[in-house]
Trainee: 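The structure under discussion is supplied below as structure tokens; questions concerning it will follow.
Start at 1 and go down the list; that is how both ligands and their atoms are numbered.
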Amino acid sequence: MSEDKLLPLRQQIDAIDAEILALLNRRAQIAQEVGHVKAENNAPVFRPEREAQVLQKVAERNPGPLQGSDVQTIFREVMSACRALEKRVTVAYLGPAGTFSEQAVYQQFGHAVEGLACVSIDEVFRAAEAGTADFGVVPIENSSEGVINRTLDLLLQTTLSISGEVSIPVHHSLMSKAGTMDGVARICAHSQALAQCNAWLNQHYPNIERQAVASNAEAARMASENATVAGIAGEIAAQKYDLQIVSAHIQDDPHNRTRFAVVGRLKNGASGKDQTSLVLSVANKAGAVYKLLAPLAKHGVSMTRFESRPARMGAWEYYFYVDVEGHAGDDKVAKALAELQQNAAFYKLLGSYPRSF
Ligand SMILES: O=C(O)C(=O)C[C@]1(C(=O)O)C=C[C@@H](O)C=C1
């Protein structure tokens, strides 16, 4: 390979980088001005509906050869850095650092945020309610293992609203200090991860004891301190705790994903591509659920999710967690929800937020 051929191309890249840098800083200056206007009006800095629109637009306008999703990743970080000039938002998540929850924080907010690792889902809600954090990110559902009951229960009680959702692929790896299973007597992971890798573990290591621990990152930390322990976690945890991968992608479902909700005190405006989450309940009578949901069909509002959860201690049998397409302020959604509320014994609007893409 001749360096002579590379030199002029690299000079072109240097010149383009200088232009990109100047443009990025011009953008950042305008964001700072936006920040001043917001500060004067006491308006929220993080505006998920606006960020969703920006990301949507860059993907639509993208002429290539860069991939739309890669361009979105770049612009998410650009907005994150611009936003941090206005205010660095603090986001609570289920820690410790290195978990998929932390990854979900970065996917929603970019990296120019202050992460606040919490020991439980309850604490994430508390931090956002008390204002210690501006937002919280909590796991809501896994594609293999189903809903996270504690999150659903806390959504019922909280004063916070959902202002975003993030879905991330969850790929588990088996890791140890030496990168082999020689001398390993125990495999540790969060109970969800053990369940998601159950068939693989039965096939490959049926005789090694399994232990559920508080988080996958905790399992990785234990493995880093004890050569007889192997952990199951994401690859980020292997880097963080200086472990070697024994086997990658060991989850039974190759399409395994976890959906997270972003919760906060913010009530989002409409982005044009939104989803609204509700919790409902009806008296336990024949046809009651059918009647409850009839206003959605009547006003042409699509239901995208319907989840039921026993009410426990309540006066009703079940709570229904329902997602519908559109923003609660959209005309037809507003009409459907008003009628639906009249049919419901319990009604709580959890929030409207941009649909994840
Ligand atoms: O448009 C705004 O409200 C901004 O503050 C600018 C900006 C951006 O960088 O584009 C930054 C933060 C907001 O969450 C949304 C967008």
Trainee: Please name all residues satisfying side-chain hydrogen bond (donor to acceptor under 3.5 Å, both in side chains) with D323, sequence neighbours left out, ordered by chain then number.
Mentor: Q275, S277, R305

Trainee: I'd like to check V113 versus D134 (side-chain heavy atoms, cut-off strictly below 4.5 Å). Are they in contact?
Mentor: no

Trainee: Enumerate the protein residues lying less than 4.0 Å from ligand 1, judged by heavy-atom distances, in chain and residue-number order.
Mentor: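 Residues near ligand 1: R27, V34, K38, V45, F46, R47, R50, E51, M79, C82, R83, E86.
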
Trainee: Listed by chain and number, what are the ring-ring contact (aromatic ring centres under 6.0 Å, His included) partners of Y241, not counting sequence neighbours?
Mentor: none

Trainee: Taking the side chain as every heavy atom from C-beta outward, state whether T258 and I148 have any atom pair closer than 4.5 Å.
Mentor: no

Trainee: Can you tell whether the side chains of E218 and R221 come within less than 4.0 Å, N to carboxylate O?
Mentor: yes

Trainee: Hydrophobic side-chain clustering at under 4.5 Å (ILVMFWY, transitive links): who's grouped with I208? Put none if nobody.
Mentor: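 ILVMFWY cluster around I208 also holds L174, M181, V184, I187, L194, W200, L201, Y205, I232, V246, I250.
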
